[in-house]
A.B. asks: 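Below are the structure tokens for one structure; questions will follow.
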Amino acid sequence: MNKNFLEQLNPAQRESVESVTGPVLIVAGPGSGKTRVITNRIAHLVLNEKVSPYNIGAVTFTNKASREMKDRLVPLLGDEARRLTVGTFHSFCSVILRRSGEYIGLPNNFVIYDDDDQIAAIKKSMKDVDVDPKQFNPRSVLSTISNSKSQLVNFQGFNNQKSNYYEEVVGRIFERYEEILSQGVALDFDDLLLKTHQLLAESPTAAEIYQTRFHYFMVDEFQDTNVAQYSIAKIITEISRNLCVVGDPDQSIYSWRNADIRNILSFQSDFPEAKILPLEQNYRSTQNILSAAKNVIAQNKQRVEKNLWTSNDKGSLISLDEAYDEEEEARKVIKEIQRLSDNGEYSLSDFAVMYRVNAQSRSFEMGCQRFGVPYQIVGGIKFYHRREIKDITSYLRVVLNPDDDISIGRIINVPPRGIGQRTLSEISRVARQTGKSLYESIKAISSADEVSHQLGNRAINSLNQFISCIDQIKNASSELDIMQLIDIIMAETGYRKYINNDENAEERLENIQEYRNSSREYSSVPALEGLVGFLEGISLISDIDTLEDDTDSITLITLHQSKGLEFPIVFITGMEEGLLPHIRSLDSGSPEELEEERRLFYVGLTRAEQKLFLTRAFRRGFRGTYEPTVPSRFLSDIPASSLINNLPNNKSSKPSPETPDSILDFRRDQSKRKISSRVITNTSNTDRSLLKPVPKKRTVNKINISRSNGAPKFQIGDKVIHGQFGNGIVMSCDPSGDDLQITVAFKDGGGIKKLLQSLAKLKKI
């Protein structure tokens, strides 16, 4: 163990590490060493404050981040590190529900539905309640339900507050969706949070267990928490008040996942006694890159003013280049990567190509293949979402819980057994009519129970064979480890023979073998426990967890997925209005959405350590059009002193020799384009400037470094009582003139109400 670890910290980091009593907000700028601070803070608690590792909890947002945290803690704490609770927020909640879910009637063998499963359940729900998926997009319906759950509103609460036809329809789907989940003993990602909050809020016994255990609780990436996550953290630390959150409002980029930037902006109001500690020294980027990032983010109003600085070298100027279209953009980027890597100074793993939307990856994938450049793409077809992997996973889920209708529906005719859609529709009708699961309904039909159905002998024989196969595997599962269970499934169901007839048989069998190998760590665990753990683990894997750090290939990645990563050289592509910022933020007219787009660009900029390239295309084929583009407004926020202009209208630049004459004709006409008044090109080459600076907007600080004296009477998550509406939970507290508007979700049919603090006569329970 390194007992001198505190001496390696700068003064701000050390203060953050040693401030362990009471609520603490660490505002950590990019590249400021926040992971080091979190791990050293935990080590300080254990080694210097003599806190038992058992009493410390730390949560973050990706498996990759939690692994890095654990890896750093082992050299500091040795074997004691194993006693810590460190993981993602969702895995932390899953553990709580497995151990204590019985207090709210939740069995501990629940399965977790991933995105594909949720969409399948939504589509089934829509069919069951007679809603046309062509009129109501299943993805949009799921998003609405997810948003409701993240606000701690279940389907009863949603139906109590519905105010239009769309919400009335979603309410019906929501209710049926919950029935399907309940029948299948399944939770979706949002349920992990919602049910945990329900457990802690409704069961004093359960709440006391975790409040007593976790004397110290830390939340990483706090700006990405939603209402449910913040409320859980507050309940757990209700007694100790030792809640430490680490984050940066400037890097809040997940509102579409229901992250609520108000959590970090209102932390000081929620905890008036909180210490606010900034980490402002950047160790990652050059001065030029950091200067550009600071100027970009300074235009936002919803932020905390920080004085980011670095002692690193000034570094290379940021390069801005324009291609004719996305194909030439990819060629230019790949040729620059080849040029820099051929010099021997950089390996291919040092390069990241970033973009706003996944569709932009196509031209870069094709370019890499054309020029023979190895690459890995984050966010392509996910391994655990591949067809053969989902099939075997569904069999494992049915072994664990035969009443899982979504998994039964997937595998009932895979491999083909002569059970067609008409048969499945009839089974579904019987299941709805009798209130049974598909598995129970098939058994009832097959055993000649008094069940009214319209199936012939051939269909019944096929169903009998399916049920017999499932029961045989299920009976054997108690004596098999997961690897053996997968082998039995492959043999008994005929899946191996089925795969062998596929044109991609070798690749798909290799995938299944890799899947089998990934279960090895659970082979020494008792059968049921190992199966539950394995299925949970693969359900909680995110895109970024598949990123390989030690492979010599360039990384293609979206800006959202790049969060938390760093690369020596970064290319941010598609710097155009409609891409970055995205068209949705422009169409909505919402200042908040535009600010989030700017934060996304800021995140991309601050991933770069040494060199940064910005590219755009003069014309782009996107969303069915192929038209001239307008430069991104964010380019005007970059100081000219940090930028080198390589645009074609710069006299020093030359067109690519591969560019056809027709393209050059377009470029000669660039002066005729209608360029947005927000971005003004400068053809002067003397100062290498590209864009005129825009006036700086006034920054509104939502958090003061000094302690605040005032605080609202209520906080999110407070239990309250109202004379008319009864008991409820505070959902949000928003300024309203000189007053405060309190949003409360009332139980027992009270619905959600917005009340003024001065008039509501609310009382805390």
Side-chain angles (χ1 to χ4, degrees), residues 63-64 66-67 70 82 87-88 91 94-95 98 107-114 116-117 184-186 381-404 406-408 410-412 414-415 417 439 465-502 504-542 545-546 548 550:
N63 292 309
K64 184 179 177 66
S66 67
R67 281 197 305 270
K70 292 174 185 175
R82 291 183 297 180
T88 66
S91 64
S94 179
V95 169
R98 299 262 185 224
N108 65 2
N109 67 333
F110 62 82
V111 296
I112 302 170
Y113 278 0
D114 63 20
D116 287 348
D117 301 319
V185 194
I381 298 177
K382 307 172 187 68
F383 177 79
Y384 290 101
H385 286 207
R386 294 179 185 274
R387 178 158 58 95
E388 59 273 18
I389 303 303
K390 287 288 292 184
D391 289 342
I392 302 302
T393 299
S394 293
Y395 273 107
L396 291 174
R397 283 179 171 171
V398 169
V399 168
L400 184 65
N401 173 28
D403 293 328
D404 181 353
I406 299 303
S407 295
I408 286 283
R410 181 179 182 93
I411 62 173
I412 193 170
V414 177
R417 299 182 175 92
Y439 176 81
Q465 292 174 12
F466 173 66
I467 289 295
S468 176
C469 179
I470 293 298
D471 287 346
Q472 183 178 348
I473 296 170
K474 185 171 172 52
N475 292 335
S477 65
S478 60
E479 300 177 0
L480 303 174
D481 63 36
I482 300 178
M483 298 179 75
Q484 294 170 326
L485 185 55
I486 292 172
D487 291 341
I488 290 292
I489 289 171
M490 291 287 289
E492 294 299 321
T493 65
Y495 200 86
R496 182 177 297 279
K497 182 178 179 181
Y498 168 64
I499 287 291
N500 280 330
N501 292 328
D502 190 276
N504 298 315
E506 184 176 354
E507 178 185 350
R508 296 181 70 186
L509 286 170
E510 286 175 355
N511 288 338
I512 293 173
Q513 184 60 41
E514 178 63 27
Y515 178 77
R516 182 181 181 275
N517 292 339
S518 71
S519 71
R520 188 181 301 277
E521 64 179 293
Y522 296 91
S523 296
S524 59
V525 181
L528 178 61
E529 184 181 340
L531 182 55
V532 169
F534 176 66
L535 291 175
E536 176 178 307
I538 65 177
S539 294
L540 296 177
I541 286 176
S542 63
D545 297 324
T546 63
E548 298 181 25
D550 56 354

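All of these numbers come straight from a predicted model, not from anything done at the bench.
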A.B. asks: Check whether any side-chain N or O of Ser468 sits under 3.5 Å from a backbone N or O of Gln465 as a donor-acceptor pair, and report yes or no.
C.D. replies: no

A.B. asks: Nearest 0.5 Å, what's the OG1-CD distance between Thr393 and Glu388?
C.D. replies: 10.0 Å

A.B. asks: If you compare all heavy atoms of Gly87 against all heavy atoms of Ser66, which two are closest, and at what distance to 0.1 Å?
C.D. replies: CA-CB, 3.8 Å

A.B. asks: Give me the atom names and distance for the closest heavy-atom approach of Asp114 to Arg397.
C.D. replies: N-NH2, 4.2 Å

A.B. asks: State, yes or no, whether a side-chain contact exists between Lys64 and Arg67 at a heavy-atom distance under 4.5 Å.
C.D. replies: yes

A.B. asks: Is it the case that Arg98 places NZ or CZ above or below the six-membered ring of Phe110, under 6.0 angstrom from the centre and within 45 degrees of the axis?
C.D. replies: yes

A.B. asks: With rounding to the nearest 0.5 angstrom, report the CG to CD1 distance, Leu396 to Ile482.
C.D. replies: 7.5 Å

A.B. asks: Which heavy atom of Ile112 sits nearest a heavy atom of Asp117, and at what distance?
C.D. replies: O-OD2, 4.4 Å

A.B. asks: If you look at every heavy atom in Ser394 and Ser407, which pair is closest and at what distance?
C.D. replies: O-CB, 3.7 Å

A.B. asks: Please check this pair: side chain of Gln484 against backbone of Asp481, looking for a donor-acceptor N/O pair closer than 3.5 Å.
C.D. replies: yes

A.B. asks: So do Lys390 and Arg410 actually touch side chain to side chain, heavy atoms under 4.5 Å?
C.D. replies: yes

A.B. asks: Does atom CD of Gln513 have more than 12 heavy-atom neighbours from other groups under 6.0 Å away?
C.D. replies: yes

A.B. asks: Could you tell me if the side chain of Phe466 sits less than 4.5 Å from the side chain of Ile408, heavy atoms only?
C.D. replies: yes

A.B. asks: Is a side-chain donor-acceptor pair under 3.5 Å present for Tyr439 with Asn401?
C.D. replies: no

A.B. asks: Nearest 0.5 Å, please: how far is OG in Ser477 from OH in Tyr395?
C.D. replies: 15.0 Å

A.B. asks: Would you check if Lys497 and Pro415 make a side-chain contact, meaning some heavy-atom pair closer than 4.5 Å?
C.D. replies: no

A.B. asks: Could you pull out the closest heavy-atom pair between Leu400 and Lys474, with the gap in Å?
C.D. replies: O-NZ, 4.3 Å

A.B. asks: Taking all heavy atoms of Tyr515 and all of Phe534, pick out the closest pair and write down the distance.
C.D. replies: OH-CE2, 3.5 Å

A.B. asks: Going by atom type alone, with no hydrogens or angles, which donor-acceptor pairs under 3.5 Å involve a side-chain atom of residues 485-493 and a protein atom two or more places apart or on another chain?
C.D. replies:
residue	atom	partner	partner atom	Å
Asp487	OD1	Arg516	NE	2.9
Asp487	OD2	Arg516	NE	3.3
Asp487	OD2	Arg516	NH2	3.0
Glu492	OE1	Gln472	NE2	3.3
Thr493	OG1	Ile489	O	2.5
Thr493	OG1	Tyr495	N	3.2

A.B. asks: So how far is it from Ile389 CD1 to Arg387 CZ, rounded to the nearest 0.5 Å?
C.D. replies: 11.5 Å

